Amino acid sequence: MTFEALYADHSRMVFNLALQYVQNREDAEEITQDVFVAVHQSFSTFKQESSISTWIYRITINKSLDYIKAKKSKKRFAFFTSLFHENSSDLIHEIASFDHPGILLEDKEALKILFTQINELPNNQKTALILHKIEHKSQVEVAEIMGLSTKAIESLMHRAKMNLAKKIKSNEG
Amino acid sequence: MNIDQLEKIQAVEVPPFLLTRIKQKIESNRASLMPQSLVKAFTLSFLFLLILNFGAVLYSLKSDTGKENLVESMNLSTFNSLYK
């Protein structure tokens, strides 16, 4: 299988999954690039233990989480430097840009709030929720991608929903 | 607010020219990487120098004890002080 064919088959899935994590077109493009560079580098060492698409899903999830982590630490560093520079006070109040192209304008405000709560969930709950609720994967497929049992996914989904409900309630109340 | 609202999110198309940018990134990564043969040559020469140094240190330790034995057997003084 050529790299171009691999890209043609999986780029849409990679880009959309990255979008659910970062809710921003530019960042999702950045992650998609990182994913396919990683795929290109390690395709020769890919063991056929799982399907190519499961393997690419895992790379995308890891790259997205790494990207968010790096961005958070960059922001933290910017915050500290802003404390020592008078002219950079605007950095403190910077709001993460929400530019999800898959969301209709009328749903944008509600989903922006929902994603703010989702982004505060632990990574495994967030991943299970994204794969099941947005990517419409079955619990068996989510279990395979995350390398967990179906029972574990069920429990993760339950905890994610409970945590989200709590956060939404405290936000509304 | 409902969690089922997430199902309203639609899949979007990949931006054009992304494949070109990925290929450029792969090429720039490849250019910045040292060729595998060069890496191997450096590693081998480093190991060779390390072994050579180790051997030289061992040899010098061995030859020092030989000198001391010779000095002792000839009853020569090993002190630099003239008045001892």
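Computed from a predicted model, the values in this text were never measured in an experiment. No hydrogens, no waters, no symmetry mates; every other heavy atom, side chains included, goes into these values.
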Are there more than 12 heavy atoms of other residues, nucleotides or ligands under 6.0 Å from atom CZ of Phe46(A)?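 Yes - once you tally the heavy atoms of other residues, nucleotides and ligands closer than 6.0 Å, there are more than 12.
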
Min side-chain heavy-atom separation [X]-[Y] under 4.5 Å:
X: Lys161(A); Y: Ile3(B); value: yes
X: Ile9(B); Y: Asp107(A); value: no
X: Leu104(A); Y: Lys8(B); value: no
X: Phe36(A); Y: Leu19(B); value: no
X: Glu7(B); Y: Ile134(A); value: no

Can you tell whether the side chains of Lys23(B) and Glu4(A) come within less than 4.0 Å, N to carboxylate O? yes

List the atom of [X], the atom of [Y], and the distance in Å for their closest heavy-atom pair.
X: Val37(A); Y: Ile26(B); result: CG2-CG1, 4.0 Å
X: Gln41(A); Y: Asn29(B); result: NE2-ND2, 3.7 Å
X: Lys133(A); Y: Leu6(B); result: CB-CD1, 4.1 Å

Under 4.5 Å heavy-atom distance to chain B, tell me which part of Gln20(A) shows up: side chain, backbone, both or neither.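 Contact with chain B is through the side chain of Gln20(A) alone.
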
Interface moiety of Ile130(A) toward chain B, non-hydrogen atoms closer than 4.5 Å: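 Neither; nothing under 4.5 Å.
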
Are Leu114(A) and Met162(A) linked, directly or through other ILVMFWY residues, by side chains that come within less than 4.5 angstrom of each other?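 No, no single cluster joins them.
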
Give, for atom CG of Asp34(A) and atom NZ of Lys25(B), the distance between the pair rounded to the nearest 0.5 Å.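 Going from the CG atom of Asp34(A) to the NZ atom of Lys25(B) covers 4.0 Å.
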
Using 0.5 Å steps for rounding, measure from the CD atom of Glu13(B) to the CG atom of Asn16(A). 8.0 Å

Excluding sequence neighbours, so at least two apart, what forms ring pair (Phe, Tyr, Trp, His ring centres under 6.0 Å) with His132(A)?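 Partners of His132(A) by the ring pair (Phe, Tyr, Trp, His ring centres under 6.0 Å) criterion come out as none, since no residue qualifies.
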
Of His136(A), Glu29(A), Arg25(A), the largest count of non-hydrogen pairs under 4.5 angstrom with chain B goes to Glu29(A)

